[in-house]
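Have a look at the structure below, then the notes.
Here the structure is a predicted model, which is why all the values come from computation and not from measurement. Quick note on labels: first sequence line is chain A, next is B, and so on, each numbered from 1.
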Amino acid sequence: MKLKPNRLILGIIFLSMLYLLCYNYASEGYYQDNSVINLLTGYSENQILLYGHVTDIYKDGFEIYNVRDKTAYHVKTNLKISLDTGIYILGTLNSNNEVIIIKMMKFKSEDVLDVFFRSLFASIIFLTVFLRYWKFNPKKILIIRRK
Amino acid sequence: MPDWIAHVLVAWSLTTILGFRFKQFSQSNSAIVIFGALIPDIYKITLLLDSFGIYMHDFLNPIHLPIGSILIAAIISLFFVNRKSIFLFLIMGISSHYALDLLLFSGGMEIFYPFSPLKFQIGIISVTDFNITIVSIILALSVYLAYKKYNKKNYFNLV
């Protein structure tokens with residue numbers, strides 16, 4: 001296995017630039033999940049936006065594990081939600097991590113699956129075309145053109 | 001975003017049409033352009049991470065911005081011998097990806113980030129619209145038939 005030093009140096013430089021770009025983007029708070037734009041309307045400081053799956057069901061509501069801050073919240077509601085349902089919740093936070101719902105939206109998991117399967121099909125097309133003309137040489141760590 | 005079928009077929013059609021006139025756009029290089037067209041959607045790995053309870057959307061979103069995609073293309077091109085030409089073919093694929101994504105109505109993209117935070121999008125197609133996929137299939141079929149016809153007559157050396 002042989003890797004030319006200039007490729008390695010360039011690779012480290014590009015990876016570092018990519019990391020800095022991503023870090024800067026995340027720290028500046030630019031990201032806005034387009035699927036929760038409607039929920040975010042009217043989002044103020046005393047409100048909380050939760051994003052995750054239902055992990056437990058109670059008589060007065062359910063528990064959601066918020067993936068953003070890796071914390072479980074007790075959501076008080078009369079709505080019947082089944083276990084493992086993915087949801088976005090805009091709510092007000094009370095003591096003991098209790099949340100009162102203002103707005104709630106379920107994940108459209110069927111859309112995600114649809115995109116996944118179509119992308120899988122396209123991946124097969126891409127790999128078929130790509131591997132017809134190119135191959136990986138593990139000794140040189142290079143992708144070379146087939147003759 | 002249009003699905004990968006649309007991105008793959010539009011990139012292939014584009015390079016095959018250019019291949020009628022320019023011999024640099026061979027089928028092997030069109031595979032690189034298709035590769036480039038899928039680079040911005042490496043960001044979709046966040047969907048997989050979501051299922052493991054790892055939220056990385058805000059950190060990895062720049063991959064789906066031109067500057068991030070260009071850096072990924074630069075990294076990928078290091079694995080090829082002719083890295084400059086491969087980089088340019090990857091950029092061409094990336095451009096076709098953003099050209100399609102700009103047609104959508106999905107909240108906009110910060111295409112000039114980090115120079116400008118302004119979001120742009122033409123907004124004529126919804127994210128779930130299948131029409132763009134159907135149009136890309138018709139386009140690819142037409143190009144394929146033309147490609148076959150010209151190849152048969154040996155007018156152009158496309159491969």
Side-chain angles (χ1 to χ4, degrees), chain A residues 3-4 6-8 10-11 13-15 17-19 21-35 37 51-53 65-70 86 107-108 111-112 114-123 125-126 128-134 136 140-146, chain B residues 1 3-9 11-12 26-32 34-35 37-38 41 44 47-63 65 67-68 70-83 86 106-108 110 113-114 117 119 127-128 133 159:
Chain A
L3 191 65
K4 285 185 179 177
N6 64 336
R7 283 177 194 267
L8 190 65
L10 278 172
I13 290 169
F14 292 144
L15 275 172
M17 286 170 74
L18 186 65
Y19 177 80
L21 181 80
C22 292
Y23 180 81
N24 185 58
Y25 187 88
S27 60
E28 285 181 5
Y30 275 115
Y31 182 72
Q32 192 177 36
D33 190 341
N34 290 330
S35 58
I37 282 175
Y51 165 77
H53 288 82
Y65 180 77
N66 185 28
V67 296
R68 288 187 164 186
D69 61 3
K70 296 177 175 58
F107 295 168
K108 290 178 178 174
D111 283 358
V112 176
D114 195 31
V115 168
F116 175 78
F117 284 116
R118 275 186 283 150
S119 297
L120 191 70
F121 178 67
S123 308
I125 299 173
F126 162 66
T128 308
V129 173
F130 190 82
L131 295 175
R132 187 177 170 190
Y133 298 105
W134 299 89
F136 182 66
K140 293 180 180 175
I141 317 176
L142 279 176
I143 299 167
I144 52 173
R145 209 181 290 263
R146 287 184 195 270
Chain B
M1 70 208 88
D3 56 44
W4 280 11
I5 295 172
H7 286 305
V8 165
L9 294 180
W12 180 81
S26 61
Q27 288 298 294
S28 60
N29 287 337
S30 95
I32 300 295
I34 293 170
F35 192 0
L38 299 180
D41 279 349
K44 277 184 182 172
L47 297 175
L48 186 69
L49 293 172
D50 276 355
S51 59
F52 292 107
I54 303 166
Y55 186 84
M56 293 286 281
H57 290 256
D58 50 353
F59 187 78
L60 293 177
N61 193 55
I63 292 172
L65 297 177
I67 185 77
I70 288 168
L71 283 171
I72 298 269
I75 293 164
I76 290 169
S77 64
L78 294 175
F79 290 94
F80 290 83
V81 180
N82 301 320
R83 56 188 184 213
I86 294 295
S106 66
E110 299 123 323
Y113 180 84
K119 291 187 172 188
V127 177
T128 53
T133 307
V159 183

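Only the side chain of B:L38 comes within contact range of chain A, with heavy atoms under 4.5 Å apart. Neither the backbone nor the side chain of B:I70 comes within less than 4.5 Å of any heavy atom in chain A. Residue contact with chain A, scored on non-hydrogen atoms closer than 4.5 Å, involves the side chain of B:V8 exclusively.
Atom SG in A:C22 sits 5.5 Å away from atom CD1 in B:I63 (nearest 0.5 Å). Distance CG/B:N82 to CD1/A:I144: 12.0 Å, rounded to 0.5 Å. In this structure, B:S28 OG and A:R132 CZ are separated by 10.5 Å, a value rounded to the nearest 0.5 Å. Atoms CD1 and CD1, from A:I125 and B:I5 in turn, are 6.0 Å apart once rounded to the nearest 0.5 Å. Residue A:Y133 holds its OH atom at 7.0 Å from OG of B:S30, rounded to the nearest 0.5 Å. Distance check, rounded to the nearest 0.5 Å: CD1 of B:I32 to CZ of A:F130 gives 4.5 Å.
At least one side-chain heavy atom of A:Y51 sits less than 4.5 Å from a side-chain heavy atom of B:H57. Side-chain atoms of B:I67 and A:M17, non-hydrogen and from C-beta on, never get closer than 4.5 Å to each other. Between B:R83 and A:L10, the closest side-chain pair of non-hydrogen atoms falls below 4.5 Å. Using a 4.5 Å heavy-atom cutoff, the side chains of B:F79 and A:R7 are not in contact.
Taking the six-membered ring wherever Trp is involved, the centroid distance between the rings of A:W134 and B:F80 falls below 6.0 Å. For A:F126 and B:F35, the gap between ring centers is short of 6.0 Å.
The greatest number of non-hydrogen atom pairs below 4.5 Å with chain B, out of A:N6, A:V129, A:L18, is found for A:L18.
A donor and an acceptor atom, one from each side chain of A:Y25 and B:D58, are nowhere located under 3.5 Å apart.
Remark: A:L15 engages B:I75 in a side chain to side chain contact (heavy atoms under 4.5 Å, CB included) (not counting sequence neighbours).
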Going through the checks in order, is the side chain to side chain contact (heavy atoms under 4.5 Å, CB included) test met by B:I76 and A:F14? CA-CA 10 Å; B:I76 290 169; A:F14 292 144; over 6 Å; no
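Counted within 6.0 Å of OH on A:Y23, heavy atoms from surrounding residues, nucleotides or ligands total 12 or fewer; the atom is thus considered open.
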